[in-house]
Amino acid sequence: MSKGREGPAAGGGAAAVLLRYLREQNRPYSAQDAFGNLQREHGLGKAAVVKALEQLAQQGRVREKAYGKQKIYFADQEQLPAASDAELRGLDGEITALSSKVQALQQSCRQMEAELKELNSSMTTPEIAGEIEDLRKDCASYTEKLERIKSATNHVTPEEKEKVCSEQKLYCREWRRRKRMATELLEAILEGYPKSKKQFFEEVGIETDEDHNVTLPVAV
């Protein structure tokens with residue numbers, strides 16, 4: 001039985017295909033890139049591509065450069081025909097046109113990135129629908145509460161409210177006045193009292209606002 005082959009370009013044919021490809025493209029390729037670009041058309045195997053590129057580099061027919069663990073291969077520029085002035089001008093024109101195209105694409109990318117960022121920070125349609133539904137429920141709840149308030153019979157008139165507020169102010173002023181008087185009196189007694197303030201309060205039976213967590217309202 002005869003042994004199988006990797007393809008029609010196996011062995012020395014692989015080197016010829018790769019050399020022609022690198023010269024025609026005149027740009028660097030890794031072995032993986034070259035294999036991916038040529039495998040379908042020429043039936044090259046990965047091992048055959050790697051081996052052929054290494055052989056071409058050893059023979060000085062292509063150049064090899066290592067970047068970390070990866071190697072790239074490209075045509076030896078000295079073996080390529082020199083470009084004419086017209087060709088160089090044409091290449092300069094292509095470079096200028098491509099540079100302008102790159103700048104335009106970069107600007108477009110920046111605009112799309114800004115739009116994408118804005119869209120990502122915005123609410124989605126389902127989220128907006130849910131928000132609207134929640135607001136409708138809140139509105140219904142507030143409307144119901146308002147109707148209950150309007151229909152209530154125990155409303156406080158403005159006059160009654162004013163009277164209550166006035167009485168509160170009066171009682172708070174009296175509270176402060178009496179508390180100040182009591183504090184001054186107690187301090188005068190404590191000046192000649194041989195024990196502590198706490199002991200005096202316990203003996204006399206005085207209870208303070210603080211004992212009952214009561215706070216005097218702030219004066220308005």
Side-chain angles (χ1 to χ4, degrees), residues 1-140:
M1 295 177 64
S2 60
K3 295 182 178 180
R5 299 184 301 170
E6 291 189 6
V17 170
L18 287 164
L19 180 60
R20 183 172 63 255
Y21 180 72
L22 292 178
R23 287 180 174 176
E24 289 175 351
Q25 300 299 319
N26 197 19
R27 53 161 291 181
Y29 288 99
S30 66
Q32 179 62 40
D33 291 336
F35 164 69
N37 295 340
L38 299 174
Q39 189 272 337
R40 177 175 296 181
E41 181 179 355
H42 297 279
L44 297 177
K46 177 70 176 293
V49 170
V50 173
K51 182 178 180 181
L53 287 173
E54 290 177 348
Q55 288 177 349
L56 290 171
Q58 292 172 0
Q59 296 168 2
R61 302 173 71 184
V62 300
R63 296 293 184 180
E64 174 188 270
K65 282 189 177 295
Y67 291 92
K69 296 182 179 181
Q70 188 179 46
K71 294 180 180 180
I72 62 169
Y73 300 88
F74 52 92
D76 185 354
Q77 301 301 300
E78 296 181 358
Q79 298 180 16
L80 297 176
S84 65
D85 292 340
E87 290 174 331
L88 291 175
R89 286 193 297 271
L91 291 174
D92 289 339
E94 289 181 14
I95 291 173
T96 301
L98 290 174
S99 297
S100 299
K101 186 176 181 180
V102 167
Q103 291 178 357
L105 289 173
Q106 289 175 338
Q107 178 65 23
S108 178
C109 285
R110 286 192 291 268
Q111 292 176 351
M112 288 188 287
E113 287 174 354
E115 292 177 5
L116 178 61
K117 184 177 180 180
E118 182 178 355
L119 290 172
N120 286 335
S121 61
S122 303
M123 297 178 66
T124 63
T125 301
E127 289 173 340
I128 292 176
E131 184 72 12
I132 292 174
E133 183 62 26
D134 291 340
L135 291 173
R136 285 175 176 169
K137 291 179 180 178
D138 290 340
C139 287

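- Shown here are the salt bridge (charged side-chain N to carboxylate O under 4.0 Å, His left out) partners of Asp33, two or more places apart in sequence or in another chain: there are none.
- Listed by chain and residue number, Thr124 satisfy the side chain to side chain donor-acceptor pair (under 3.5 Å) test with Glu127 (two or more places apart in sequence, or in another chain).
- The local environment of CD in Gln59 is crowded, with over 12 non-hydrogen atoms from other residues, nucleotides or ligands closer than 6.0 Å.
- Under the rule for a side chain to side chain donor-acceptor pair (under 3.5 Å), the partners of Asn26 that lie at least two apart in sequence or sit in another chain are Gln77.
- In this structure, CG in Asp76 is found 11.5 Å from CG in Leu22, a value given to the nearest 0.5 Å.
- Rounded to the nearest 0.5 Å, atoms CD1 (Ile128) and CD (Glu131) are 9.0 Å apart.
- Legend: residues meeting side chain to side chain contact (heavy atoms under 4.5 Å, CB included) with Gln107, ordered by chain and number and at least two apart, are Arg110, Gln111.
- Scored by the side chain to side chain contact (heavy atoms under 4.5 Å, CB included) test, Ile72 finds Pro28, Lys65, Tyr67 as partners (sequence neighbours excluded).
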Query raised in the report: What do the steps show when you test Val49 against Leu38 for side chain to side chain contact (heavy atoms under 4.5 Å, CB included), and what is the final call?
Result: CA-CA 9 Å; Val49 170; Leu38 299 174; over 6 Å; no
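- In this structure, the side chain to side chain contact (heavy atoms under 4.5 Å, CB included) partners of Arg136, at least two apart in sequence or on a different chain, are Ile132, Glu133.
- Heavy-atom minimum distance, Val50 versus Ala31: CG2-CB, 3.9 Å.
- Atom CG of Leu98 and atom CG of Leu91 lie 10.5 Å apart (nearest 0.5 Å).
- Residues satisfying the side chain to side chain contact (heavy atoms under 4.5 Å, CB included) criterion with Gln39, sequence neighbours excluded, are Phe35.
- One distance of note links SG of Cys109 with CG of Leu116; it measures 11.5 Å at 0.5 Å rounding.
- Here the CG-CZ distance, from Leu18 to Arg23, works out to 12.0 Å after rounding to the nearest 0.5 Å.
- With sequence neighbours excluded, the residues that form a side chain to side chain donor-acceptor pair (under 3.5 Å) with Glu64 are Tyr73.
- Residues passing the side chain to side chain donor-acceptor pair (under 3.5 Å) test with Arg89: none are found, sequence neighbours excluded.
- Heavy-atom minimum distance, Ala48 versus Ala14: O-CB, 4.4 Å.
- With sequence neighbours left out, Tyr21 forms a ring-ring contact (aromatic ring centres under 6.0 Å, His included) with Tyr29.
- Judged by distance alone, with hydrogens and angles left aside, the side-chain atoms of Ser108 form no donor-acceptor pair with the main-chain N or O of Ala104 at under 3.5 Å.
- Here NZ of Lys71 is found 5.5 Å from CD of Glu54. Values are rounded to the nearest 0.5 Å.
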